[in-house]
Amino acid sequence: VGVTDTERMITDKSIVILDGAHLSGVTLPATAVAEKNHKLWFAAVPVDDRITERGFKYVFRIAETSGMRAETQVKFMNDLRKKDPSLKTVAIINENSAYGSGIAQHWKAALAKNGYKVVLDESYDASKTQDFTTIVTKVKQAKPDVLLMASYTNDAILLTNTIKQQKVKPKAIIVTSGGYDAPSYLKNVGDAAANFFDVSAWNVDVNRPGSAALDKKFLKKYHEHLTGETVKEYAGIYTIANALERAASTDTQKLRQALLTTNI
């Protein structure tokens, strides 16, 4: 669907730049179509490293990648290990699209490099999995010190509630934005997510100039707080606007040069 929509939009000469997509699995093939047709693409939200590792000249991003997230999560585990040296084993659960499989690949490399042992490695199809009892039972049997998870919203909710039901209690549960960052997540899991640690580009209490005022404005309009994804898209639009102003043109090559020289 992403490819079809991209093919449709690149024929419209009034469209100067494409922005998206929310999912890495959509962005990867869609950006290939845009690149082939020399159409600029700004990937504000998707995290798969490969999006900007293919040598493309017309694809840009400002957000963190899966590799950056994994590295940060393992650094956090290392900090925990300073307090508790017995932190050694890890279980991995991830959905199997570009987002989940990408982060899992980076986890495994970072975990091995830092001396952790993976005792369980489970992936699943988010569009087809309606029951996580079997996977969570495997986690319970493996008894990991740390559980790492990457999920979309519906599966994140199901996984979290199943973990509570089965009383699975590793020393740390570390999740990866995505579904865990969605406003509907906490509404549907409540205290089942207590003591989960998330990695995200945004928190409501982040201490940066203008952040609190922006969140208040967003909350008033949409009746929910900003999330990592909405903040990235907000920053992305300002980045595009800044590049357009510096280029003083909608010409593709002039705008591309402005994006290339953006300094954040």
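The residues of the chain are indexed from 1 along the displayed sequence.
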CA sep, side-chain torsions, deciding dist, call: I103, R69, side chain to side chain contact (heavy atoms under 4.5 Å, CB included): CA-CA 8 Å; I103 190 72; R69 285 179 169 183; 3.9 Å; yes

Spacing of [atom1] belonging to [X] relative to [atom2] belonging to [Y], to within rounding of 0.5 Å:
| X | Y | atom1 | atom2 | value |
| --- | --- | --- | --- | --- |
| F196 | I174 | CZ | CD1 | 11.5 Å |
| T262 | Q257 | OG1 | CD | 10.0 Å |
| L80 | F197 | CG | CZ | 6.0 Å |
| K171 | S86 | NZ | OG | 2.5 Å |

Flag the pair [X] / [Y] as yes when their ring centroid distance falls below 6.0 Å, and as no otherwise.
| X | Y | answer |
| --- | --- | --- |
| H38 | Y58 | yes |
| F60 | F42 | no |
| Y234 | F218 | no |

Step-by-step side-chain hydrogen bond (donor to acceptor under 3.5 Å, both in side chains) determination, S123 to N96: CA-CA 6 Å; S123 63; N96 65 1; 5.3 Å; no

Heavy-atom donor-acceptor pair, [X] side chain to [Y] backbone, under 3.5 Å:
| X | Y | result |
| --- | --- | --- |
| D215 | H225 | no |
| T89 | D145 | yes |
| T129 | A126 | no |
| S211 | R208 | yes |

Step-by-step side chain to side chain contact (heavy atoms under 4.5 Å, CB included) determination, F132 to D155: CA-CA 8 Å; F132 286 93; D155 35 316; 3.6 Å; yes

Please determine whether a side-chain nitrogen of the Lys or Arg among R54 and E35 lies less than 4.0 Å from a carboxylate oxygen of the Asp or Glu. no

Any idea which heavy atoms bring R50 and A98 closest together, and the distance?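 Closest approach of R50 to A98: NH2-CB, 3.7 Å.
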
[X] atom [atom1]: more than 12 heavy-atom contacts under 6.0 Å:
| X | atom1 | answer |
| --- | --- | --- |
| E122 | CD | yes |
| D79 | CG | yes |
| N195 | CG | no |

How would you list all residue pairs meeting side-chain hydrogen bond (donor to acceptor under 3.5 Å, both in side chains) that involve residues 108-117, not counting sequence neighbours? N78-N114, N78-Y116, R81-Y116, K108-D121

Take L259 and I17 through the side chain to side chain contact (heavy atoms under 4.5 Å, CB included) test and state the conclusion after the steps. CA-CA 11 Å; L259 285 166; I17 186 167; 4.1 Å; yes

For the pair R256 and D251, evaluate salt bridge (Lys or Arg N to Asp or Glu O under 4.0 Å) and give the outcome as yes or no after the intermediate values. CA-CA 8 Å; R256 177 180 176 271; D251 175 76; over 6 Å; no

Would you check, one step at a time, whether the test side chain to side chain contact (heavy atoms under 4.5 Å, CB included) holds for V26 with H22? CA-CA 8 Å; V26 175; H22 183 75; over 6 Å; no

